[in-house]
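Each chain gets a letter, A, B and so on, in the order the sequences are listed, and its residues count up from 1.
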There are 2 protein chains.
Amino acid sequence: MNKSDALTALAALAQEARLDVFRLLVQAGPEGLPAGQLGERLGLPSATLSFHLKELRHAGLVRFEREGRSLIYSAELANMNGLLAYLTENCCQGNPAACGVGLCDGTKLETPQQRKPS
Amino acid sequence: MNKSDALTALAALAQEARLDVFRLLVQAGPEGLPAGQLGERLGLPSATLSFHLKELRHAGLVRFEREGRSLIYSAELANMNGLLAYLTENCCQGNPAACGVGLCDGTKLETPQQRKPS
DNA sequence: TTCATATCTCCATTTGTATGGAAATATGGA
DNA sequence: TCCATATTTCCATACAAATGGAGATATGAA
């Protein structure tokens with residue numbers, strides 16, 4: 001995952017309809033869901049849904065395959081993971097053990113350095 | 001993490017300067033970095049940097065504390081983790097073991113359902 | 001071939017975001 | 001008190017993204 005891909009993916013997810021669609025597909029898993037069902041569940045007009053699905057595709061976050069008259073969309077989990085890894089890369093000066101692997105929470109550090117919220 | 005917070009955080013990260021700033025702070029860890037050093041390392045004019053830091057703050061992704069004349073910014077790692085958790089919530093029909101915990105890659109599924117990319 | 005279904009593309013309108021110079025504010029030192 | 005430093009706020013300009021109706025396209029069934 002490079003910076004440009006990460007930016008495209010983040011921009012794709014930074015939109016309510018697309019975030020909803022993506023999370024629904026993540027939850028659906030590799031089986032995926034047909035476009036029509038996505039639109040129905042989320043209450044999106046077809047033109048709007050199609051626009052957002054295209055954005056998600058261009059961002060590499062979903063794929064589709066045709067099945068009869070339906071297009072079955074599913075999440076690109078590997079790319080999602082690449083994005084998460086990009087965000088957390090070298091967390092805490094490359095000392096991931098210091099703040100928890102994968103989900104870095106800083107709580108295990110010896111000097112928690114408490115700070116007031118801004 | 002609710003949807004609205006997730007959207008705000010994603011929108012904040014979907015911008016090159018802010019993504020750079022945030023990753024630098026994630027890497028710096030709880031010690032953080034002064035605003036000036038961020039601007040210097042990333043080549044951002046002060047007004048531009050300040051604008052982006054404000055966005056990141058409002059999104060709950062960074063905090064700051066004053067130290068003399070400098071403002072020391074650091075990443076809100078707990079909120080970052082909340083965002084990642086929100087994205088991967090109920091991955092693969094709530095069967096996280098099926099696709100790897102934390103970083104869900106789908107490779108461990110019994111029926112990988114290979115699909116052509118779109 | 002003709003029709004119904006599923007989805008997409010086109011496009012005009014509306015809305016929101018990024019940029020950076022200039023001036024304002026806050027802190028600490030002389 | 002006055003100045004230098006660090007950072008912010010103000011603001012005009014420029015650019016990008018979301019929406020959804022109408023019509024186009026693709027598939028399968030009769």
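- Residues L42(A) and L49(A) fall within the same hydrophobic cluster, defined by Ile, Leu, Val, Met, Phe, Trp and Tyr side chains chained together at heavy-atom separations under 4.5 Å.
- Side-chain contact check for S74(A) versus E31(A): every heavy-atom pair is 4.5 Å or farther apart.
- Considering only residues two or more places apart in sequence or on other chains, L71(B) meets the side chain to side chain contact (heavy atoms under 4.5 Å, CB included) condition with F64(B), R66(B), Y73(B).
- Closest-nucleotide positions on DNA chain D for G68(A) and T48(A) were compared, and the one nearer the 5' end corresponds to T48(A).
- Looking at residues 1-20 of chain A, you'll see that no heavy atom sits under 4.0 Å from any atom of DNA chain C.
- Annotation: side chain of L61(B) is not in contact with side chain of L25(B) (no heavy-atom distance under 4.5 Å).
- Two residues are said to be in side-chain contact when any heavy atoms from C-beta on lie closer than 4.5 Å; Q15(A) and F22(A) fail this criterion.
- Helix-axis bend for the helix from dT1(C)-dA30(D) to dA30(C)-dT1(D): the local axis fitted to the five terminal pairs at one end deviates from that at the other end by 20°, rounded to 10°.
- Neither L44(A) nor F51(A) shares a network with the other; the hydrophobic side chains, linked directly or stepwise wherever heavy atoms of I, L, V, M, F, W or Y lie under 4.5 Å apart, form separate groups for each.
- Bracketed by its first and final contacts, the part of DNA chain D lying under 4.0 Å from non-hydrogen atoms of chain B reaches from dA4(D) to dT9(D) in 5' to 3' order.
- Residues H58(A) and T8(A) are not in side-chain contact: their nearest non-hydrogen atoms beyond the backbone lie 4.5 Å or more apart.
- At dT17(C), none of the side-chain N or O atoms of H52(B) fall inside 4.0 Å of OP1 or OP2 (strictly under the cut-off).
- D20(B) has no carboxylate O lying under 4.0 Å from a charged side-chain N of R41(B), or vice versa, which leaves the two without a salt bridge.
- If you measure from atom CG of L44(B) to atom P of dG21(C), you get 12 Å, rounded to the nearest angstrom.
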Using atom names, set out every protein N or O paired with an N or O of nucleotides 6-8 of chain C below 3.5 Å, distance rounded to 0.1 Å.
from: dT7(C); atom 1: OP1; to: A35(A); atom 2: N; distance (Å): 3.3
from: dT7(C); atom 1: OP1; to: G36(A); atom 2: N; distance (Å): 3.3
from: dT7(C); atom 1: OP1; to: L71(A); atom 2: N; distance (Å): 3.3
from: dT7(C); atom 1: OP2; to: G36(A); atom 2: N; distance (Å): 2.7
from: dC8(C); atom 1: OP1; to: Y73(A); atom 2: OH; distance (Å): 2.5
from: dC8(C); atom 1: OP2; to: S50(A); atom 2: OG; distance (Å): 3.1
from: dC8(C); atom 1: O5'; to: S50(A); atom 2: OG; distance (Å): 3.1
from: dC8(C); atom 1: N4; to: S46(A); atom 2: OG; distance (Å): 3.3

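- E40(A) is linked by a salt bridge (charged side-chain N to carboxylate O under 4.0 Å, His left out) to nothing, counting only residues two or more places apart in sequence or in another chain.
- Here the side chain of R23(B) pairs no donor or acceptor atom with the backbone of N90(A) at under 3.5 angstrom.
- With Q93(B) contributing its side chain and A28(A) its backbone, the two residues share a donor-acceptor pair below 3.5 Å.
- Between E16(A) and L19(A) there is no side-chain heavy-atom pair separated by less than 4.5 Å.
- With S50(B) contributing its side chain and S46(B) its backbone, the two residues share no donor-acceptor pair below 3.5 Å.
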